[in-house]
Amino acid sequence: MAFEEILRQTRSLLCLDCGKCTGTCPVTRVDPTYSPRATIERVLAGRPEELINNDHLWACLTCRLCTTRCPSGVDYPAFVVAARVQARGTGVEGTYAHNAVMQELMGLMTLPVKQNRTGWVSGQMRTAAQGEDFYFVGCLPYFDVIFADLGVVSTEVARNTVRLLNRLGITPVVSDDERCCGSDLLLNGDEVGFRRLAELNVRTIAESGAKRVIFSCPECYNAFRNDYPRVIGPLPFEVVHLTELLAEHVGELGLGGLEETVTYHDPCRLGRYQGIYEEPRALIQAIPGLELVEMRKNRAQGLCCGTTGWVNCGQCAKGIQITRLRQAQATGATRMITACPKCRIHFTCALNDVGEEIPIEVEDLTGLLARSMEE
Amino acid sequence: MGEFRPRIVVFACNWCSYAGADLAGVSRMQYPPTTRVIRVMCSGRVTPGFILESFRQGADGVLVTGCHPGDCHYISGNEKALATVERTKRLLHLLGLETDRLRLEWISAAEGARFARVMTQFTEQVRALGPSPLTEHATRSTQYATRDTPHHR
Ligand code: SF4
Ligand code: SF4
Ligand code: SF4
Ligand code: FES
């Protein structure tokens with residue numbers, strides 16, 4: 001896609017040069033040289049190479065906070081992703097976190113691998129190979145290995161999700177042939193790899209006979225909902241986020257009391273991308289004895305977890321994460337609940353850096369619900 | 001069908017194992033021509049990403065070599081290498097690749113004979129496993145052609 005076309009499709013042509021985006025952007029707060037407004041201006045002035053050859057291309061979190069303020073409806077994150085595809089075409093890539101191990105894994109999953117990724121399933125859980133409902137787990141088993149040092153066990157989310165679904169009488173399909181959803185590859189500008197992963201996943205799901213796919217990860221969910229249809233056409237099944245499904249049947253979960261005060265962090269892709277703000281809150285509030293307190297910035301104004309796409313993680317990410325954790329601390333909550341496994345990893349990473357200074361725990365919503373279910 | 005000749009990527013640290021490989025060479029010791037040696041300053045520089053990239057580009061086996069415990073030029077790089085290899089084996093298992101395709105060995109600058117022996121043994125080990133299931137597809141897919149000369153900015 002040529003830059004003129006990108007400017008048109010993302011409404012960047014309509015930019016008024018008002019600077020509201022820069023004024024809201026969490027990245028600009030930490031790095032004042034970063035300006036979405038100025039970036040659009042340079043490309044509008046016919047100098048896209050200044051964007052392609054600039055670190056700022058990889059600095060955007062695609063968090064969509066700016067789009068909630070833009071008076072012209074400019075989709076800056078979409079503009080950035082399209083520009084990254086262009087950049088990659090000329091051989092330019094960002095600086096990857098963790099020595100690009102995620103990019104390697106995503107790349108390998110585009111190849112004919114025969115994975116063993118369902119080892120987290122344990123005895124008492126009911127799962128199936130064929131059925132109506134497919135549980136799309138995402139890369140949690142890989143995260144367990146890569147982030148072992150952080151002390152985060154991401155597959156807990158998968159186990160708790162199955163327990164919750166079983167409680168509702170759902171026996172989900174889980175598959176060794178699932179691939180990474182590719183969302184992060186797309187954020188890295190690799191549209192070819194993304195399309196390949198999308199095709200492989202849709203084929204695996206279709207072969208399982210599933211009519212509905214359930215997601216615990218907002219990024220996978222958003223990829224299936226927003227990006228798959230755009231890239232490979234309409235999907236032959238329904239997609240639903242776990243929190244939407246559980247909120248509908250909250251009475252059947254048998255939630256027991258927990259005497260705690262918690263706050264809730266809105267993941268960008270569940271909140272601003274999908275508009276799911278109330279379902280997770282309704283689930284938290286359904287736990288007897290539990291108090292939910294809001295952070296100063298919540299729902300559509302919620303702050304991003306500081307890094308996306310496993311690219312460009314650094315001082316800026318840490319600054320944003322600490323700001324968010326301080327907002328959580330200020331509520332007096334003992335735990336910050338999130339509904340995204342990646343948010344949990346990034347925040348825990350920042351907490352490990354600051355140590356005792358911010359005495360708050362980050363927990364996935366599924367973990368909280370599973371604890372309450374055991375009471 | 002010709003005999004399967006595995007493609008093996010060897011990461012060798014500058015201070016011990018690479019010198020060991022040199023010694024094997026100048027001493028004219030025989031070992032199979034299956035290896036591509038990549039010199040790194042220390043085995044601790046090898047990341048899971050390096051190892052996975054090797055497999056993605058079509059390696060049938062990867063060997064990481066470094067100084068013996070206590071001898072690392074940078075004190076503890078080889079301890080890091082040990083942890084990296086263990087972790088990467090877990091990733092290989094998830095990906096459905098045999099963990100025996102990855103091996104770690106300590107080889108000193110004086111151990112030319114050991115270098116040659118390890119290469120021979122590892123070649124046999126990989127040969128027994130057969131070609132990597134990824135090889136026919138992994139070699140130079142156009143999609144990743146740009147990865148050869150990345151401009152990190
Ligand atoms: S999407 Fe988020 S990080 Fe990117 S420019 Fe907008 S506010 Fe800043
Ligand atoms: S907020 Fe919208 S109109 Fe204003 S500078 Fe940013 S992109 Fe342009
Ligand atoms: S915040 Fe930590 S875990 Fe997340 S990408 Fe950055 S370094 Fe990795
Ligand atoms: S220098 Fe040889 S292993 Fe560190």
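Chain identifiers are assigned alphabetically (A, B, ...) following the order of the sequence lines, protein sequences preceding nucleic acid strands; residue numbering begins at 1 within each chain. Worth saying up front: this structure is predicted, and the values here are computed from it rather than measured.
When every heavy atom of R56(B) is checked against every heavy atom of Q103(A), the shortest pair comes out as NH1-O, 3.7 Å. Considering every non-hydrogen atom in both P133(B) and P112(A), the closest pair reads O-CG, 4.4 Å. In this structure, H93(B) and N116(A) approach most closely via the heavy-atom pair O-ND2, 2.7 Å. Between R87(B) and V145(A), the closest heavy-atom pair is CD-O, 3.2 Å.
Expressed to the nearest 0.5 Å, how far CG of L92(B) lies from CG of L108(A) amounts to 9.0 Å. One finds the CG atom of L95(B) at 9.0 Å from the CZ atom of R117(A) (value rounded to the nearest 0.5 Å). Here the CE-CG distance, from M102(A) to L52(B), works out to 11.0 Å after rounding to the nearest 0.5 Å.
Annotation: R5(B), atom CZ; neighbour count of heavy atoms from other residues, nucleotides and ligands within 6.0 Å does not exceed 12. The local environment of NZ in K318(A) is crowded, with over 12 non-hydrogen atoms from other residues, nucleotides or ligands closer than 6.0 Å. Heavy-atom neighbours of I75(B) CD1 from other residues, nucleotides or ligands within 6.0 Å: at or below the threshold of 12.
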Residue pair L97(B), V113(A): steps toward the side-chain contact (heavy atoms from CB on, under 4.5 Å) verdict: CA-CA 8 Å; L97(B) 286 172; V113(A) 282; 5.7 Å; no
Residue pair L91(B), V101(A): steps toward the side-chain contact (heavy atoms from CB on, under 4.5 Å) verdict: CA-CA 10 Å; L91(B) 294 176; V101(A) 65; 4.0 Å; yes
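The contact between I146(A) and chain B is made by backbone and side chain atoms together, counting heavy-atom distances below 4.5 Å.
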